[in-house]
Amino acid sequence: MNLYAEIVQLQKKGIACALCKIVNTKGSTPRKIGAKMLVKPNREIIGTIGGGNLEKKVIENALHQIDKKEAKLFKHDLVHQHNMCCGGTVEIFIEPIFPMKKLYIFGAGHTGKALANFANQLDFEIYVIDDRKDYLGELSQLNSVNKLHADYKKVLPTLPFDKNTYVVILTYEHEIDRDILSYCINQPHAYIGMIGSQRKIEITKKMFLNASICNQEKLDTINMPIGIDISAESPEEIAISILAKLIELKNG
(Lines give C-alpha, C1' and ligand atoms only; values in the text may rest on other atoms or scores of the structure.)
Protein backbone atom coordinates (compact mmCIF):
# COMPACT_ATOMS: atom_id res chain seq x y z
CA MET A 1 0.00 0.00 0.00
CA ASN A 2 1.15 3.55 -0.77
CA LEU A 3 1.67 5.13 2.66
CA TYR A 4 1.51 8.65 1.30
CA ALA A 5 -1.84 8.02 -0.41
CA GLU A 6 -3.11 6.64 2.90
CA ILE A 7 -1.88 9.78 4.69
CA VAL A 8 -3.87 11.95 2.28
CA GLN A 9 -7.01 9.89 2.92
CA LEU A 10 -6.56 10.13 6.69
CA GLN A 11 -6.08 13.89 6.45
CA LYS A 12 -9.30 14.25 4.47
CA LYS A 13 -11.13 12.15 7.07
CA GLY A 14 -9.81 14.36 9.87
CA ILE A 15 -7.63 11.64 11.43
CA ALA A 16 -4.14 12.33 12.76
CA CYS A 17 -1.35 9.78 12.25
CA ALA A 18 2.42 9.46 12.56
CA LEU A 19 4.96 8.49 9.93
CA CYS A 20 7.87 6.48 11.39
CA LYS A 21 10.95 6.15 9.21
CA ILE A 22 14.29 4.44 9.77
CA VAL A 23 16.93 7.05 9.03
CA ASN A 24 20.07 5.27 10.28
CA THR A 25 21.17 1.78 11.27
CA LYS A 26 24.31 0.19 12.68
CA GLY A 27 25.06 -3.52 12.85
CA SER A 28 22.43 -6.20 12.33
CA THR A 29 18.86 -4.86 12.16
CA PRO A 30 15.56 -6.34 10.90
CA ARG A 31 14.93 -3.43 8.49
CA LYS A 32 17.27 -0.97 6.83
CA ILE A 33 17.31 2.78 6.13
CA GLY A 34 14.15 3.95 4.40
CA ALA A 35 11.75 1.43 5.94
CA LYS A 36 8.52 3.18 6.95
CA MET A 37 5.50 2.55 9.12
CA LEU A 38 2.32 4.59 9.55
CA VAL A 39 0.67 4.60 12.99
CA LYS A 40 -2.99 5.53 13.48
CA PRO A 41 -4.49 6.71 16.80
CA ASN A 42 -6.20 3.33 17.30
CA ARG A 43 -2.72 1.69 17.18
CA GLU A 44 -3.39 0.23 13.74
CA ILE A 45 -0.25 0.22 11.60
CA ILE A 46 0.52 0.18 7.90
CA GLY A 47 3.97 -1.03 6.93
CA THR A 48 6.64 -2.17 9.38
CA ILE A 49 9.97 -1.05 10.79
CA GLY A 50 10.95 -4.48 12.08
CA GLY A 51 8.32 -6.08 14.29
CA GLY A 52 8.75 -7.39 17.82
CA ASN A 53 9.43 -5.24 20.87
CA LEU A 54 10.98 -2.51 18.72
CA GLU A 55 7.80 -2.01 16.77
CA LYS A 56 5.69 -2.07 19.93
CA LYS A 57 7.82 0.70 21.44
CA VAL A 58 7.78 2.76 18.24
CA ILE A 59 3.97 2.63 18.19
CA GLU A 60 3.93 3.97 21.77
CA ASN A 61 6.39 6.69 20.82
CA ALA A 62 4.33 7.61 17.77
CA LEU A 63 1.11 8.00 19.77
CA HIS A 64 2.97 10.14 22.30
CA GLN A 65 4.36 12.42 19.56
CA ILE A 66 0.88 12.81 18.05
CA ASP A 67 -0.34 14.00 21.45
CA LYS A 68 2.64 16.37 21.80
CA LYS A 69 2.34 17.56 18.19
CA GLU A 70 6.09 17.31 17.83
CA ALA A 71 8.46 15.39 15.57
CA LYS A 72 11.34 13.56 17.26
CA LEU A 73 14.27 11.27 16.52
CA PHE A 74 14.55 8.09 18.62
CA LYS A 75 17.58 5.82 18.93
CA HIS A 76 17.03 2.16 19.80
CA ASP A 77 19.62 -0.34 21.02
CA LEU A 78 18.00 -3.61 19.97
CA VAL A 79 19.77 -5.82 22.54
CA HIS A 80 19.69 -3.66 25.67
CA GLN A 81 16.38 -1.88 25.13
CA HIS A 82 14.29 -4.51 23.37
CA ASN A 83 15.95 -7.86 24.06
CA MET A 84 16.25 -8.51 20.33
CA CYS A 85 19.10 -10.75 19.21
CA CYS A 86 19.84 -8.72 16.07
CA GLY A 87 22.34 -6.74 18.10
CA GLY A 88 22.37 -3.50 16.12
CA THR A 89 21.03 0.00 16.65
CA VAL A 90 18.26 1.81 14.78
CA GLU A 91 17.41 5.50 14.57
CA ILE A 92 13.77 6.22 13.79
CA PHE A 93 12.33 9.65 12.98
CA ILE A 94 8.69 10.05 13.97
CA GLU A 95 6.68 12.80 12.31
CA PRO A 96 3.10 13.46 13.43
CA ILE A 97 0.77 14.33 10.55
CA PHE A 98 -2.47 16.15 11.18
CA PRO A 99 -5.72 16.60 9.25
CA MET A 100 -5.91 19.22 6.55
CA LYS A 101 -7.35 22.51 7.72
CA LYS A 102 -10.43 23.42 5.69
CA LEU A 103 -10.90 27.07 4.80
CA TYR A 104 -14.39 28.07 3.71
CA ILE A 105 -14.40 31.49 2.03
CA PHE A 106 -17.96 32.68 1.57
CA GLY A 107 -17.86 35.31 -1.15
CA ALA A 108 -15.74 35.44 -4.31
CA GLY A 109 -15.52 39.21 -4.50
CA HIS A 110 -12.26 41.18 -4.53
CA THR A 111 -11.26 40.30 -0.96
CA GLY A 112 -12.37 36.67 -1.28
CA LYS A 113 -10.31 36.19 -4.45
CA ALA A 114 -7.25 37.81 -2.87
CA LEU A 115 -7.56 35.66 0.25
CA ALA A 116 -7.92 32.46 -1.80
CA ASN A 117 -4.83 33.41 -3.80
CA PHE A 118 -2.69 34.09 -0.72
CA ALA A 119 -4.00 31.14 1.34
CA ASN A 120 -3.40 28.80 -1.58
CA GLN A 121 0.30 28.96 -0.78
CA LEU A 122 -0.28 27.59 2.74
CA ASP A 123 -1.55 24.28 4.11
CA PHE A 124 -5.28 24.89 3.74
CA GLU A 125 -7.84 22.93 1.76
CA ILE A 126 -9.68 25.91 0.31
CA TYR A 127 -13.32 26.22 -0.73
CA VAL A 128 -14.63 29.46 -2.23
CA ILE A 129 -18.41 29.54 -2.18
CA ASP A 130 -20.57 32.02 -4.09
CA ASP A 131 -23.95 32.10 -5.82
CA ARG A 132 -22.46 34.19 -8.66
CA LYS A 133 -20.92 31.87 -11.24
CA ASP A 134 -19.04 34.60 -13.09
CA TYR A 135 -17.22 35.66 -9.92
CA LEU A 136 -16.03 32.09 -9.33
CA GLY A 137 -14.86 31.96 -12.93
CA GLU A 138 -12.28 34.60 -12.12
CA LEU A 139 -10.59 32.03 -9.85
CA SER A 140 -10.04 29.56 -12.68
CA GLN A 141 -6.26 29.95 -12.52
CA LEU A 142 -6.23 28.56 -8.95
CA ASN A 143 -6.54 24.89 -9.83
CA SER A 144 -6.15 23.57 -6.29
CA VAL A 145 -8.92 25.83 -4.91
CA ASN A 146 -12.38 24.27 -4.79
CA LYS A 147 -15.05 26.54 -6.29
CA LEU A 148 -18.64 25.93 -5.22
CA HIS A 149 -21.36 27.68 -7.20
CA ALA A 150 -24.39 27.33 -4.96
CA ASP A 151 -27.08 29.08 -3.00
CA TYR A 152 -25.60 29.87 0.41
CA LYS A 153 -28.51 28.54 2.46
CA LYS A 154 -28.70 25.31 0.47
CA VAL A 155 -24.99 24.55 0.51
CA LEU A 156 -24.38 25.10 4.24
CA PRO A 157 -25.97 21.81 5.44
CA THR A 158 -23.86 19.87 2.93
CA LEU A 159 -20.51 21.18 4.19
CA PRO A 160 -18.55 19.17 6.78
CA PHE A 161 -17.50 21.06 9.89
CA ASP A 162 -14.95 19.99 12.50
CA LYS A 163 -12.34 21.46 14.84
CA ASN A 164 -10.06 22.07 11.83
CA THR A 165 -12.59 24.20 9.94
CA TYR A 166 -11.86 27.88 9.33
CA VAL A 167 -14.72 30.10 8.11
CA VAL A 168 -14.36 33.53 6.49
CA ILE A 169 -17.58 35.40 5.64
CA LEU A 170 -17.19 38.05 2.93
CA THR A 171 -20.40 38.12 0.87
CA TYR A 172 -22.05 41.07 -0.82
CA GLU A 173 -25.03 41.43 1.57
CA HIS A 174 -25.26 41.91 5.33
CA GLU A 175 -28.28 39.60 5.53
CA ILE A 176 -26.43 36.78 3.76
CA ASP A 177 -23.43 37.27 6.02
CA ARG A 178 -25.66 36.97 9.08
CA ASP A 179 -27.42 33.88 7.72
CA ILE A 180 -24.07 32.16 7.18
CA LEU A 181 -22.80 33.22 10.59
CA SER A 182 -25.97 32.04 12.36
CA TYR A 183 -25.46 28.56 10.87
CA CYS A 184 -21.69 28.29 11.31
CA ILE A 185 -21.51 29.65 14.85
CA ASN A 186 -23.21 26.51 16.19
CA GLN A 187 -21.06 24.10 14.16
CA PRO A 188 -17.66 22.72 15.23
CA HIS A 189 -14.93 25.08 14.03
CA ALA A 190 -11.46 26.45 14.69
CA TYR A 191 -12.22 29.97 13.51
CA ILE A 192 -15.03 32.15 12.21
CA GLY A 193 -14.53 35.69 10.99
CA MET A 194 -17.01 38.09 9.39
CA ILE A 195 -16.20 41.29 7.55
CA GLY A 196 -18.04 44.48 8.43
CA SER A 197 -18.06 47.90 10.01
CA GLN A 198 -18.33 48.39 13.74
CA ARG A 199 -21.99 49.35 13.29
CA LYS A 200 -22.73 46.16 11.35
CA ILE A 201 -21.03 44.10 14.05
CA GLU A 202 -22.94 45.70 16.90
CA ILE A 203 -26.27 45.25 15.09
CA THR A 204 -25.41 41.61 14.37
CA LYS A 205 -24.56 40.89 18.00
CA LYS A 206 -27.79 42.48 19.19
CA MET A 207 -29.87 40.54 16.64
CA PHE A 208 -28.24 37.23 17.56
CA LEU A 209 -28.75 37.71 21.28
CA ASN A 210 -32.37 38.87 20.89
CA ALA A 211 -33.14 35.88 18.65
CA SER A 212 -31.30 33.45 20.99
CA ILE A 213 -29.15 32.25 18.10
CA CYS A 214 -26.23 32.03 20.49
CA ASN A 215 -25.01 33.46 23.76
CA GLN A 216 -22.55 36.26 24.43
CA GLU A 217 -19.71 33.81 25.09
CA LYS A 218 -19.99 32.36 21.59
CA LEU A 219 -20.32 35.79 20.02
CA ASP A 220 -17.10 36.86 21.71
CA THR A 221 -15.21 34.06 19.91
CA ILE A 222 -16.13 35.40 16.46
CA ASN A 223 -13.46 37.53 14.80
CA MET A 224 -15.42 40.60 13.76
CA PRO A 225 -14.42 43.03 12.45
CA ILE A 226 -12.31 40.44 10.71
CA GLY A 227 -8.52 40.11 10.61
CA ILE A 228 -5.65 41.75 12.44
CA ASP A 229 -5.82 45.53 12.69
CA ILE A 230 -3.12 46.79 10.33
CA SER A 231 -5.16 49.73 8.99
CA ALA A 232 -5.84 47.72 5.83
CA GLU A 233 -7.75 49.46 3.04
CA SER A 234 -7.45 47.61 -0.28
CA PRO A 235 -8.93 44.11 -0.82
CA GLU A 236 -5.41 42.70 -0.90
CA GLU A 237 -4.45 44.38 2.36
CA ILE A 238 -7.66 43.18 4.02
CA ALA A 239 -6.97 39.64 2.75
CA ILE A 240 -3.47 39.79 4.23
CA SER A 241 -4.87 40.95 7.58
CA ILE A 242 -7.31 38.00 7.54
CA LEU A 243 -4.62 35.51 6.58
CA ALA A 244 -2.37 36.84 9.34
CA LYS A 245 -5.15 36.11 11.83
CA LEU A 246 -5.59 32.59 10.45
CA ILE A 247 -1.85 31.92 10.69
CA GLU A 248 -1.74 33.28 14.25
CA LEU A 249 -4.52 30.90 15.29
CA LYS A 250 -3.28 27.93 13.24
CA ASN A 251 0.24 28.10 14.64
CA GLY A 252 -0.70 29.24 18.12
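Computed from a prediction, not measured in an experiment: that's the story for all the values here.
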Are any of the side-chain heavy atoms of I45 and L38 separated by less than 4.5 Å? no
Heavy-atom distance under 4.5 Å between the side chains of F106 and I195, does that happen here? no
May I ask you to test the V155-D131 pair for a side-chain heavy-atom distance under 4.5 Å? no
With rounding to the nearest 0.5 angstrom, report the CE to OG1 distance, M194 to T204. 4.0 Å
Which residues satisfy the side-chain hydrogen bond (donor to acceptor under 3.5 Å, both in side chains) test with E44, sequence neighbours excluded? K40
Which pair of heavy atoms, one from A119 and one from L103, lies closest together, and at what distance? CB-CD2, 3.8 Å
Indicate the ring-plane relationship of Y152 and Y172, choosing parallel, tilted or perpendicular according to the 30° and 60° boundaries. tilted
Output yes when K57 and E60 qualify as a salt bridge under the 4.0 Å nitrogen-oxygen rule, no when they do not. yes
Should D130 and K147 count as an ion pair when the cut-off is N to O under 4.0 Å? no
How far does CD of Q9 sit from CG of N2, to the nearest 0.5 angstrom? 10.5 Å
Out of curiosity, L219 CG to L209 CG, how far, rounded to the nearest 0.5 Å? 5.0 Å
Pairwise side-chain contact, M207 with R178, heavy-atom cut-off 4.5 Å (strictly under): yes
Quick one: do E91 and I22 satisfy side chain to side chain contact (heavy atoms under 4.5 Å, CB included)? Show the steps, please. CA-CA 6 Å; E91 292 184 22; I22 295 178; over 6 Å; no
Answer with yes or no whether the side chains of E125 and Y127 bring together a donor and an acceptor at under 3.5 Å. yes
Q65-N61 side chain donor-acceptor pair, cut-off 3.5 Å: no
Rounded to the nearest 0.5 Å, how far apart are CD1 of I105 and CD1 of I169? 12.0 Å
Distance only, no hydrogens: is a donor on one side chain within 3.5 Å (strictly under) of an acceptor on the other, for D177 and T171? yes
Do P99 and L10 come close enough that some side-chain heavy atom pair is under 4.5 Å? no
Does Q141 CD have over 12 foreign heavy atoms under 6.0 Å away? yes
Which heavy atom of A16 sits nearest to which heavy atom of P41, and what is that distance? O-CD, 3.0 Å
Working to the nearest 0.5 angstrom, can you tell me the gap between L246 CG and S241 OG? 9.5 Å
Quick one: hydrophobic cluster around V23, which other residues, with the 4.5 Å side-chain cut-off, linked directly or via members? L73, F93
Heavy-atom donor-acceptor pair, E237 side chain to E233 backbone, under 3.5 Å: yes
Transitive ILVMFWY side-chain link V58 to F74, under 4.5 Å: yes
Nearest heavy-atom contact between P30 and L78 is CD-CD1, 3.7 Å
Indicate yes or no for a side-chain donor-acceptor contact from H189 to the backbone of Q187 under 3.5 Å, with no hydrogens or angles considered. yes
Is L249 reachable from Y104 through a run of I, L, V, M, F, W or Y residues, each pair having side-chain heavy atoms under 4.5 Å apart? no
Are Y166 and F124 an aromatic pair by the rule of ring centers under 6.0 Å? yes
Is there a chain of hydrophobic side chains (I, L, V, M, F, W, Y, each step under 4.5 Å between heavy atoms) that links V145 to L243? yes
Any idea which heavy atoms bring P235 and A114 closest together, and the distance? O-CB, 4.1 Å
Can you check side chain to side chain contact (heavy atoms under 4.5 Å, CB included) on N223 and I192, steps first, answer last? CA-CA 6 Å; N223 181 213; I192 300 177; over 6 Å; no
Determine whether more than 12 heavy atoms belonging to other residues, nucleotides or ligands lie under 6.0 Å from atom NZ of K32. yes
Of the non-hydrogen atoms in A108 and R132, which two are nearest, and what is the gap between them? N-NH2, 4.1 Å
With the side chain counted from C-beta on, respond yes when M100 and N164 share a heavy-atom pair under 4.5 Å apart, and no when they do not. no
Between the side chains of D179 and S182, does any donor sit under 3.5 Å from an acceptor? no
Is there a donor-acceptor contact under 3.5 Å linking the side chains of E55 and T48? yes
Under the 3.5 angstrom rule, does the side chain of S197 hit a backbone N or O of K200 as a donor-acceptor pair? yes
When you group the ILVMFWY residues by side-chain heavy-atom contacts below 4.5 Å and let the links chain together, are F118 and I226 in the same group? yes
Count the heavy atoms of every other residue, nucleotide or ligand shown that sit under 6.0 Å from NE2 of H149, and state whether that count exceeds 12. yes
Please collect all side chain to side chain donor-acceptor pair (under 3.5 Å) contacts where either partner lies in residues 111-121, sequence neighbours excluded, each pair once. K113-E138, N120-S144
Joint cluster assignment, L142 & L115, ILVMFWY side-chain distance < 4.5 Å: yes
Within-4.5 Å side-chain heavy-atom neighbours: Y191 and K245: yes
So which atom in G107 and which in V128 form the shortest heavy-atom distance, rounded to 0.1 Å? O-CG1, 4.2 Å
Run F208 and L181 through side chain to side chain contact (heavy atoms under 4.5 Å, CB included) and show every step you take. CA-CA 10 Å; F208 277 40; L181 178 59; 3.7 Å; yes
What is the distance from atom CZ of R199 to atom CD1 of I203, rounded to the nearest 0.5 Å? 4.0 Å
With the side chain counted from C-beta on, respond yes when L54 and I49 share a heavy-atom pair under 4.5 Å apart, and no when they do not. yes
